[in-house]
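The structure is given below, and queries will be raised subsequently.
Since the structure is predicted, the reported quantities are computational estimates derived from the model, not experimental observations. Just so we're on the same page: letters track the sequence lines, and every chain starts at 1.
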Amino acid sequence: MNGSAAKTAITPTRAENFAEWYQQVVRAAELAEPSDVRGCMVIKPWGFGLWENIQRQMDAMFKATGHRNAYFPLFIPISYLEKEAAHVEGFAKECAVVTHHRLEVGADGKMRPAPSAELTEPLVIRPTSETIIGATYAKWVQSYRDLPILINQWCNVVRWEMRPRLFLRTAEFLWQEGHTAHETEAEAREETQRMLEVYATLAREHLALPVYAGEKSAGERFPGAVQTLCIEAMVQDRKAIQAGTSHFLGQNFAKASGIKFQSRAGAEEFAWTTSWGVSTRLVGTLLMAHGDDDGAILPPRVAPTHVVILPITPKAETRDAVLAAADVLANRLREQKFHGAGLEVEVDRRDLGGGVKNWEWIKKGVPLRVELGPRDLEKGSVAVARRDRGVKEKEFLAADAFVAQVAATLQSIQDGLFARALAQRDEHTRRIDSREEFHAFFTPKNAEKPEVHGGFALTHWDGSAAVEEQVKNDLKVTIRCIPADAALGGGPGVCPFTGKPSAQRVLWAKSY
RNA sequence: CGGGCUGUGGCUCAGCUUGGUAGAGCGCUGCGUUCGGGACGCAGAGGUCGUGGGUUCAAAUCCCACCAGCCCGACCA
């Protein structure tokens with residue numbers, strides 16, 4: 001024991017070095033770790049449990065909006081990728097390529113790809129699946145009666161990133177990609193919008209992340225898309241992070257892949273397609289949005305475990321009774337429903353001393369920790385600590401009362417996290433009308449070691465790529481989206497960078 | 001993929017300048033005392049010093065190459 005009361009579980013703190021804090025949280029919370037393969041991560045059970053919960057809830061929303069899951073190949077012939085010009089250009093730089101199908105022992109005794117087993121056409125490991133799914137849809141679609149096709153797939157993709165960060169940017173990551181084909185433009189645009197709303201709902205209600213929804217500027221658009229919609233969240237260093245995207249692909253991919261059909265009028269027409277996705281990046285987003293200097297804080301709706309029971313067994317003679325009581329309490333809690341499902345409860349029976357266990361769970365971000373000791377058995381009480389409050393704040397409750405109100409308590413944590421994130425975002429979202437103020441907003445006081453600064457700026461823009469480019473070069477700030485909400489856009493005005501007219505305000509920020 | 005820095009038990013690092021055959025703290029294992037705010041004592045286990053080559057009687061230490069990681073840029077869910 002060397003600690004003062006002010007000691008934090010994570011060093012450095014968020015204020016000291018946010019990027020390093022994040023990495024330490026991922027490690028301390030046992031969410032993931034770097035693997036021996038450059039750029040790839042091992043997602044550990046606690047981190048994967050989080051992803052599974054996000055997955056399950058999102059999957060239900062996809063099904064509810066008429067989609068079905070399917071699975072398409074990991075390997076994509078290079079010729080498929082070449083079909084859509086903008087698309088290849090966007091992804092070519094980060095593709096892993098499979099060139100051989102067999103290994104052999106070389107002269108140096110080491111394994112090497114067998115020269116005799118070179119593929120006639122190399123295969124790309126999917127960076128995304130528009131092309132191969134498009135080629136498949138082309139076979140499936142002949143008539144307007146075959147439309148719409150509403151399919152989603154859960155899978156991994158590979159984008160050969162050079163600067164990996166766990167969950168936020170890795171060479172391989174897990175995601176879902178929805179791919180739909182429609183008879184009309186209007187239908188496809190509606191789908192694009194609908195799925196963005198699904199993402200916004202997921203973010204707000206399940207992940208407790210307030211998000212701004214809007215459209216990407218041409219410069220930030222998905223390669224090959226006509227329109228890219230997105231939701232943008234703010235994390236605690238006030239940077240933006242894209243939490244989901246939905247693309248209206250027009251007829252670009254239909255033309256590239258030959259998805260055509262005979263219309264009601266008998267004419268041959270190209271289908272209108274969409275694609276939309278969210279990735280394990282959401283896990284990183286959650287951590288950066290809600291965590292504190294003691295580690296992760298998980299929203300109850302996606303936490304792998306809602307309640308952990310920590311039996312306090314100071315004396316051998318009371319140990320069995322306490323452990324038995326912990327199991328009874330756990331079972332009573334499991335009968336409680338939170339958003340339709342029984343609570344996930346864990347009894348931590350490990351024979352570890354003192355506060356060690358307690359701190360492990362704090363770092364992991366479990367919503368509720370319950371201490372149960374010999375004195376509680378006598379009094380019928382429990383000691384409850386909420387992860388969204390200070391680690392010292394322990395509430396002694398009658399066990400019955402705790403069980404009765406546990407679902408409400410979890411919801412209160414969920415709501416509290418959202419409110420906290422919303423307050424932080426609103427506090428650091430500013431309408432800015434002058435170039436000088438814009439620059440000041442995004443310039444740290446300490447250039448050597450930049451402090452947390454800036455935020456979201458709602459500023460007019462003349463619509464030119466030149467301004468985007470200039471601002472990005474000067475400040476590393478980009479347009480995160482053109483907000484759909486008129487209250488944010490605020491109608492016409494003047495671009496502070498050029499003095500030219502602007503249709504509406506757009507959302508600027510530094511981003512992940 | 002360009003510029004800089006760094007590779008030594010599981011982790012963080014000392015040792016390298018001035019070559020002489022490897023250390024600390026944490027963690028881990030065992031036993032005991034502890035346990036409602038991150039415990040303590042004693043006894044242990046654990047290292048091809050990133051990889052390959054070179055110089056030397058002798059290399060963690062000097063030289064070369066390669067690989068990997070971190071930071072800063074360009075790119076991105």
Side-chain angles (χ1 to χ4, degrees), chain A residues 1-11 17 19-20 23-24 27-28 33-39 89-95 108 110 127-128 156-165 167-177 199 216 220 222-223 228 230-233 241-247 275-285 294-295 310-316 318-319 322 351-363 369-377 379 381-385 390-394 396 448-450 472-473 476 478 511-512:
Chain A
M1 169 76 107
N2 64 348
S4 66
K7 184 185 175 191
T8 58
I10 304 296
T11 27
N17 183 341
E20 181 60 23
Q23 307 217 62
Q24 294 305 325
R27 186 157 79 157
E33 62 188 41
S35 76
D36 293 342
V37 182
R38 183 186 158 72
E89 203 192 318
F91 287 108
K93 300 179 290 295
E94 47 188 15
C95 283
D108 57 359
K110 291 187 174 162
T128 178
N156 57 343
V157 287
V158 168
R159 298 180 186 174
W160 211 261
E161 298 292 348
M162 288 299 122
R163 283 189 61 191
R165 289 184 69 188
F167 289 115
L168 300 177
R169 190 189 297 112
T170 47
E172 179 192 13
F173 58 95
L174 305 183
W175 79 345
Q176 57 70 216
E177 46 180 329
Y199 290 155
K216 285 293 187 194
E220 299 280 329
F222 176 74
T228 289
C230 64
I231 51 172
E232 295 281 331
I241 183 161
Q242 181 175 302
T245 48
S246 183
H247 315 292
S275 68
W276 26 274
V278 300
S279 72
T280 37
R281 173 179 258 199
L282 284 177
V283 174
T285 306
D294 288 321
L310 303 165
I312 308 297
T313 56
K315 297 190 182 78
T318 54
R319 186 183 160 84
V322 170
D351 189 19
L352 290 175
V356 172
K357 276 200 274 196
N358 195 33
W359 279 99
E360 274 187 29
W361 288 104
I362 290 169
K363 288 183 277 192
R369 307 186 304 283
V370 178
E371 291 176 356
L372 185 69
R375 295 207 294 272
D376 294 305
L377 298 202
K379 292 188 285 190
S381 63
V382 289
V384 181
V391 292
K392 292 179 199 170
E393 292 181 48
K394 206 157 57 174
F396 292 87
E448 294 294 306
K449 195 173 167 295
K472 186 175 178 179
N473 286 341
K476 290 179 214 155
T478 52
S511 72
Y512 278 93

Item to complete: Write down the distance separating the P atoms in G23(B) and G54(B), rounded off to the nearest Å.
Response: 28 Å

Response to the item:
Taken to the nearest 0.5 Å, the spacing of I312(A) CD1 from N358(A) CG works out to 7.5 Å

Discussion item. Rounding to an integer number of Å, can you tell me how far R369(A) CZ sits from G38(B) P?
Written reply: 13 Å

Fill in: C1' atoms of C57(B) and G25(B), separation to the nearest Å
37 Å

Fill in: Whole-Å distance separating the CZ atom of F222(A) from the P atom of C75(B)
18 Å

Worksheet item: Is the aromatic ring centre of W175(A) closer than 5.5 Å to the centre of the six-membered base ring of A77(B), with the two planes inclined by less than 30°?
Response: no

Practice prompt. Using the closest heavy atom to pick a nucleotide of RNA chain B for each, name whichever of R159(A) or K315(A) lands nearer the 5' end.
Written response: K315(A)

Worksheet item: Can you check whether Q24(A) has a side-chain N or O nearer than 4.0 Å to OP1 or OP2 of C11(B)?
Response: no

Practice prompt. Please state how far atom CD in E33(A) lies from atom P in G10(B), giving the value in whole angstrom units.
Written response: 14 Å

Worksheet item: Is it true that a side-chain atom of R159(A) and a backbone atom of E94(A) form a donor plus acceptor pair closer than 3.5 Å?
Response: no

Item to complete: Look at all strands and tell whether T313(A) reaches a base, only sugar-phosphate, or nothing, counting heavy atoms closer than 4.0 Å.
Response: base

Worksheet, complete the sentence: Re U18(B): Watson-Crick or G-U wobble partner, both distances kept under 3.5 Å, found to be none

Fill in: Counterpart base for G23(B), defined by Watson-Crick or G-U wobble contacts under 3.5 Å
C13(B)

Worksheet item: To the side chain of R27(A), which of C75(B), C11(B), G36(B) is closest?
Response: C11(B)

Item to complete: Between A39(B), A77(B), G36(B), spot the one nearest the side chain of S279(A), thanks.
Response: A77(B)

Worksheet, complete the sentence: Closest to the side chain of V356(A), out of C76(B), G38(B), G36(B), is G38(B)

Discussion item. Students often get this wrong, so: under 4.0 angstrom with heavy atoms, is Q242(A) touching a base, only sugar-phosphate, or nothing?
Written reply: sugar-phosphate

Worksheet item: Which base sits across from C31(B) as a Watson-Crick or G-U pair, both distances under 3.5 Å?
Response: G41(B)

Worksheet entry | Of the listed nucleotides G36(B), A77(B), G38(B), the one nearest the side chain of P374(A) | G36(B)

Worksheet, complete the sentence: Whole-Å distance, H247(A) NE2 to C76(B) C1', equals 12 Å

Worksheet item: Taking the side chain as C-beta and beyond, is there a heavy-atom pair between S381(A) and D376(A) under 4.5 Å?
Response: yes

Discussion item. If I pick the P atom on C16(B) and the same atom on A60(B), what distance separates them, to the nearest angstrom?
Written reply: 14 Å

Practice prompt. Among G38(B), C75(B), C35(B), find the nucleotide with the atom closest to the side chain of K472(A).
Written response: C75(B)

Discussion item. Taking any heavy-atom pair under 4.0 Å as a contact, classify T170(A): base, sugar-phosphate, or nothing.
Written reply: base

Worksheet item: Do R369(A) and E360(A) sit within salt-bridge range, that is, some charged N less than 4.0 Å from a carboxylate O?
Response: no

Worksheet, complete the sentence: If pairing means Watson-Crick or G-U wobble with both distances under 3.5 Å, then the partner of U48(B) is none

Discussion item. Set out, in order, the CA-CA distance, both residues' side-chain angles and the distance that settles side chain to side chain contact (heavy atoms under 4.5 Å, CB included) for F222(A) and T245(A), then state yes or no.
Written reply: CA-CA 9 Å; F222(A) 176 74; T245(A) 48; over 6 Å; no

Practice prompt. Return the nearest nucleotide to the side chain of R281(A); candidates are G36(B), A77(B), C71(B).
Written response: A77(B)

Worksheet item: Base, sugar-phosphate alone, or nothing: which one does Q23(A) contact when heavy atoms must sit under 4.0 Å apart?
Response: sugar-phosphate

Item to complete: For residues V391(A) and W359(A), determine if any side-chain heavy atom of one lies less than 4.5 Å from a side-chain heavy atom of the other.
Response: yes

Worksheet entry | Side-chain N or O of K379(A) closer than 4.0 Å to phosphate OP1/OP2 of G36(B) | no

Practice prompt. Check every strand shown and say whether G373(A) touches a base, only sugar-phosphate, or nothing at a heavy-atom separation below 4.0 Å.
Written response: base

Discussion item. Counting C-beta onward and ignoring hydrogens, is there a side-chain heavy-atom pair between R165(A) and R281(A) closer than 4.5 Å?
Written reply: no

Worksheet item: CD1 of I312(A) versus P of G38(B): gap in Å, rounded?
Response: 11 Å

Worksheet item: With distance as the sole criterion, do the side chain of R169(A) and the base of C76(B) form a donor-acceptor contact below 3.5 Å?
Response: yes

Worksheet item: What does C62(B) pair with, Watson-Crick or G-U, if both distances are under 3.5 Å?
Response: G54(B)

Discussion item. Roughly how many Å apart are U61(B) and U55(B), using the C1' atom of each and rounding to a whole number?
Written reply: 13 Å

Fill in: Pairwise side-chain contact, I241(A) with L168(A), heavy-atom cut-off 4.5 Å (strictly under)
yes

Practice prompt. Could you measure between the two P atoms, the one in G47(B) and the one in G3(B), and give it in whole Å?
Written response: 38 Å

Worksheet item: When we call it a touch if two heavy atoms are under 4.0 Å apart, what does A243(A) touch: a base, just sugar-phosphate, or nothing?
Response: nothing

Worksheet item: If we call it a pair only when both distances are under 3.5 Å in a Watson-Crick or G-U wobble match, what pairs with G2(B)?
Response: C72(B)

Item to complete: Let me know the distance between CZ of R165(A) and C1' of A77(B), rounded to the nearest Å.
Response: 14 Å

Worksheet item: Could you give the CD-to-C1' distance, from E393(A) to G36(B), as a whole number of Å?
Response: 17 Å

Worksheet item: If the P atom of A45(B) is compared with that of G36(B), how far apart are they to the nearest Å?
Response: 32 Å

Worksheet item: Which whole number of Å gives the distance between the P atom of C11(B) and that of C70(B)?
Response: 14 Å

Item to complete: Would you mind classifying the nucleic acid contact of K394(A) as base, sugar-phosphate or nothing, using non-hydrogen atoms under 4.0 angstrom?
Response: sugar-phosphate

Discussion item. Tell me if the side-chain of N358(A) makes a donor-acceptor pair with the base of G36(B), cut-off 3.5 Å, by modelled atom types.
Written reply: no

Worksheet item: Considering heavy-atom distances to RNA chain B, does V382(A) or F173(A) have its closest nucleotide positioned more toward the 5' end?
Response: V382(A)

Worksheet item: Under 4.0 Å: is that the gap between some side-chain N or O of K476(A) and OP1 or OP2 of G73(B)?
Response: yes

Worksheet item: When the distance from CG of L168(A) to P of C76(B) is rounded to whole Å, what number comes out?
Response: 16 Å

Worksheet item: Does some side-chain heavy atom of Q176(A) sit less than 4.5 Å from a side-chain heavy atom of W276(A)?
Response: yes

Discussion item. Using the C1' atom as the point on both nucleotides, what is the distance between C26(B) and A14(B), in whole Å?
Written reply: 15 Å

Discussion item. From the set C71(B), G36(B), G38(B), return the single nucleotide nearest to any side-chain atom of D376(A).
Written reply: G36(B)

Discussion item. Return the pairing partner of C67(B) with a 3.5 Å limit on both distances, Watson-Crick or G-U wobble; otherwise return none.
Written reply: G7(B)

